[in-house]
Each structure stands twice: as structure tokens, then as C-alpha cells.
There are 2 protein chains.
Amino acid sequence: MLTIGALAKRTGTKVQTIRYYETIGLMPEPARSEGGQRRYDLAELDRLAFVRHGRQLGFSLDAIRDLLDLADNPAQSCADADSIAQRQLKQVEDRIARLQALQFELKRMISDCGQDSVAQCRVLEVLRNHSECLTDHEVGSDRSIGS
Amino acid sequence: MLTIGALAKRTGTKVQTIRYYETIGLMPEPARSEGGQRRYDLAELDRLAFVRHGRQLGFSLDAIRDLLDLADNPAQSCADADSIAQRQLKQVEDRIARLQALQFELKRMISDCGQDSVAQCRVLEVLRNHSECLTDHEVGSDRSIGS
DNA sequence: CTTGAACCTCTAGTCGCTGAAGGGTTTATC
DNA sequence: GATAAACCCTTCAGCGACTAGAGGTTCAAG
């Protein structure tokens, strides 16, 4: 039986995060000690490890919830799990593309500035005039990854 | 004199977002009509365009606040603006690197699954066993870009 | 039996917006 | 001059995924 602190250490999670997962129903309500403290078993350790690993791979908590359901009902879950992962891959690839456009624009902005200490700063100039940009560097929502 | 709606349309911003920028002090309190509606002039249009462009380039509102201060005090602001942009570039490059590790891992996970409809799903398997991963695909905070 | 680390609940804050409720103003048309 | 539509106002709550803090309780070691 693990305390919440031990579980946190083993999975690289903060204690508060585990309690948060419990409040949103991602982790089950665990057993309690006589004094009311949470006690976890190995099944719960596995579940949390699964969740954290999903988070590290950028899955949203909703996606992880779906994947957990699939893992619990093993009958032909593969196609569903695959499509969730495909969706995640696509999101990751979209984000990479957008960030690369940003990277290009930022690099150009910085290298144009650099040495000459004239009052005309390229960085500020570029921000003032969008027309100076070469790429379409709009950034979409980046909400799925927490700290 | 522009209404808030006209300003929103011209800058591709939502009306609420402009009001939000005002509450956090990023946009000044504008003039008002007799009936109390906001009226903007061209200086305010420029400022909002600057802010939005900074957001498109992934700068946080705090970074944009600093850049606006620099733009207002033109004396040798170039080095400061440059270092803010450098920091932003580094963040973008870090995020790209992490996302590419994710992309690699997700692709591997998906391609290993694919055809064989056996109950053993690679996607779920990989999530269960972190040790199967080849890369260090930890994802950091992605807080700086809104929707 | 005492200490102190770890636990508990509850609430509020983070970031950058977004949406909605419940009104008031402006403008165009009749 | 009336009316209606389109716009605007304030205020508050919510998103996702946590994180931090206050103020109190429990547990394990010495």
C-alpha cells in the first residue's frame, strides 16, 4: 500500500495533481487509512503511470480517458486506440509546422537586427509592420500540454 | 474614430479580447462616445496591431508589454528587444525539438499497430510501458500561445 | 510522548482568452 | 419621430491542466 506521496514519487507526479485527477474522475477514489489518508495499490500505480505517459506524449486528459476505457475493454479496441493516436500525431505535426514558421520569422527578425546599434530596431519594426513577414506564421491553440 | 467592433475587424481580434487587453492594462482606456461607447484612434489601432502580431509570433503578453515599452522609448532599445526575441526563439526551438520527439514516438507506436487485428494493441502497450520508448519525449509548458 | 514530515480539505490563482446574461446606444429605415 | 436591428456596455463564469496556499490532522520515528 502506497501513500499519495510515495505514488507521486514513483510516477513523477505532484501530490496535488493526483488529487486533481481523482476529482475529475480520471483516478478512482482510493482506499483510506483509519485516519483518512489515501492508500494506493499497484493497479492504481499502473493507471497513473499510463496517464502520465499519455500526458508526456501530449494526449489531452479526455483522450487519455478514452484510451483508459479501451485498455479496460480489450475486445477489438485497437482500431479506436489507433485513431486516437493518429489524431494526436496530426495535431503534433500541425504544431511543428506552425512553430517552424515562427522560428523562421524570428530568426530573420533577429539576424536583421544584430550588429548595427541604430535606433531603427528590426525586431520592433517587424512587429509594427506585419507586411514585412514572409511566412504565414499564425499560431493555433496549444492547449493540450500542461506544465 | 473607430468603434470597438471596427477595430476588432481591422485587427482580426475579438471584441472581448480588446476589452480584456484594456482590463490588464495592455491597451489604454480609450475615449468614449456620449453614450459611453469606446472610440479608438489610429494610435490605438497601431498598438493593437503590434500586440496581435506579437501574439502571432508566440510572444507572451508580458513579453509584448516589454516590447511596447521599448517601442515607446526608442533610445537604444535594440539590444533589449533583441534579447526578448532571442528568448522567444529559444523557447520555440525547444518546443519544436520536444514535439519532434513526440512525433517520432507516436509514429512508431502507430506503425507497429496498424494491420494485425490482434488483441495486443501497440498503442495501449506503449502507454503502459514507458520502457518501450526510444526517445526522451517529455513535453514542457506550452502556455504562451492562446487560441 | 513528542516532534516534524507528510497528509487532509477547501479555495483561489495561473494564462489568454471566450461566452453568456441582461441590459443600453446608435443608426438606418419607414 | 418611432421602431428595429445591429451594435455596444458591464459583470461574471468557464476553459485545460494543473499549482499554490491556508489552516488543520495523522503518522512514524525517536
Side-chain angles (χ1 to χ4, degrees), chain A residues 1-27 29-40 48 51-66 68 88 91 95 138-147, chain B residues 1-27 29-40 48 51-66 68 88 91 95 138-147:
Chain A
M1 281 302 203
L2 296 160
T3 64
I4 196 169
L7 183 65
K9 200 162 285 175
R10 286 243 223 159
T11 55
T13 313
K14 299 213 171 171
V15 166
Q16 301 104 296
T17 303
I18 299 173
R19 289 198 280 248
Y20 167 71
Y21 287 165
E22 187 183 325
T23 65
I24 62 167
L26 205 57
M27 288 293 289
E29 290 187 19
R32 299 273 181 157
S33 71
E34 301 218 337
Q37 299 192 351
R38 289 171 180 80
R39 291 297 123 101
Y40 294 93
L48 182 56
V51 171
R52 293 310 291 172
H53 195 194
R55 291 295 296 138
Q56 283 169 14
L57 287 168
F59 289 94
S60 69
L61 291 182
D62 266 2
I64 290 170
R65 210 188 294 268
D66 291 347
L68 279 166
Q88 176 61 18
Q91 274 177 29
R95 276 202 264 166
E138 195 91 30
V139 181
S141 139
D142 259 2
R143 239 101 259 294
S144 62
I145 321 284
S147 75
Chain B
M1 283 301 202
L2 297 160
T3 64
I4 197 170
L7 182 65
K9 201 161 285 175
R10 286 242 223 160
T11 56
T13 313
K14 297 214 172 175
V15 166
Q16 301 103 296
T17 303
I18 299 173
R19 289 198 280 247
Y20 169 71
Y21 287 164
E22 189 183 324
T23 66
I24 63 167
L26 205 58
M27 288 293 288
E29 291 187 19
R32 297 274 181 156
S33 72
E34 301 216 339
Q37 298 192 352
R38 291 172 180 80
R39 292 296 124 101
Y40 294 93
L48 182 56
V51 171
R52 292 312 290 174
H53 194 192
R55 291 295 295 138
Q56 283 170 13
L57 287 167
F59 289 94
S60 70
L61 291 182
D62 267 0
I64 290 170
R65 211 187 294 268
D66 291 347
L68 279 167
Q88 177 60 19
Q91 273 178 29
R95 276 201 264 164
E138 196 91 31
V139 181
S141 138
D142 259 2
R143 239 102 259 296
S144 62
I145 322 282
S147 74

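Letters A, B, ... are given to chains in the order of the sequence lines, protein chains preceding strands, and every chain is numbered from 1.
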Value for OG1 (B:Thr11) from NE2 (B:His53), rounded to nearest 0.5 Å, stands at 13.0 Å
From CD of A:Glu29 across to P of C:dC8 the rounded distance in Å is 13 Å
Is there side-chain contact between B:Tyr21 and B:Ile64, with heavy atoms separated by less than 4.5 Å?
-> no
Backbone N/O of A:Leu57 and side chain of A:Gln88: donor-acceptor pair under 3.5 Å = yes
Between atom CD1 in A:Ile4 and atom P in D:dT19, what is the gap in whole Å?
-> 13 Å
Does a side-chain N or O from A:Arg38 land closer than 4.0 Å to OP1 or OP2 of C:dC8, or not?
-> yes
On DNA chain D, nearest-nucleotide positions of B:Lys9 versus B:Arg32: which is more 5'?
-> B:Lys9
Nearest 0.5 Å please: distance from the CZ atom of A:Arg52 over to the CD1 atom of A:Ile18.
-> 8.5 Å
Expected list for residues 13-24 of chain A near DNA chain C, using heavy atoms below 4.0 Å, is A:Arg19
In whole Å, what is the span from the CG atom of A:Leu61 to the P atom of D:dA17?
-> 4 Å
When you look at A:Arg39 and A:Thr3, which way does the side-chain contact (heavy atoms from CB on, under 4.5 Å) test go after all the steps?
-> CA-CA 5 Å; A:Arg39 291 297 123 101; A:Thr3 64; 3.9 Å; yes
Where the side chain of B:Arg55 is concerned, which of D:dC18, C:dC8, C:dC17 is the nearest nucleotide?
-> C:dC17
Using whole Å, report how far CG of B:Asp62 lies from P of C:dT14.
-> 11 Å
For A:Leu2 and C:dA6, give me the distance from atom CG to atom C1', rounded to whole Å.
-> 15 Å
Nucleotide by nucleotide, nucleotides 22-28 of chain C touches protein heavy atoms under 4.0 Å in the pattern (B base, S sugar-phosphate only, - none) --BSS--
d(B:Leu26 CG, B:Arg55 CZ) to nearest 0.5 Å is 10.0 Å
Quick one: is A:Arg65 getting a side-chain N or O under 4.0 Å of the D:dA17 phosphate, OP1 or OP2?
-> no
Can you check whether B:Leu48 reaches B:Arg10 side chain to side chain, under 4.5 Å on heavy atoms?
-> no
C:dC15 P sits how many Å from B:Gln91 CD, rounded?
-> 13 Å
Whole-Å distance, B:Met27 CE to C:dC17 C1', equals 16 Å
Take B:Asp62 and B:Arg65 through the test side-chain contact (heavy atoms from CB on, under 4.5 Å) and record every step on the way to the result.
-> CA-CA 5 Å; B:Asp62 267 0; B:Arg65 211 187 294 268; 3.8 Å; yes
Given A:Arg19 and A:Arg38, is the side-chain contact (heavy atoms from CB on, under 4.5 Å) satisfied, shown in steps?
-> CA-CA 10 Å; A:Arg19 289 198 280 248; A:Arg38 289 171 180 80; 3.4 Å; yes
Atom OH of A:Tyr40 and atom C1' of C:dC7: how far apart are they, to the nearest Å?
-> 11 Å
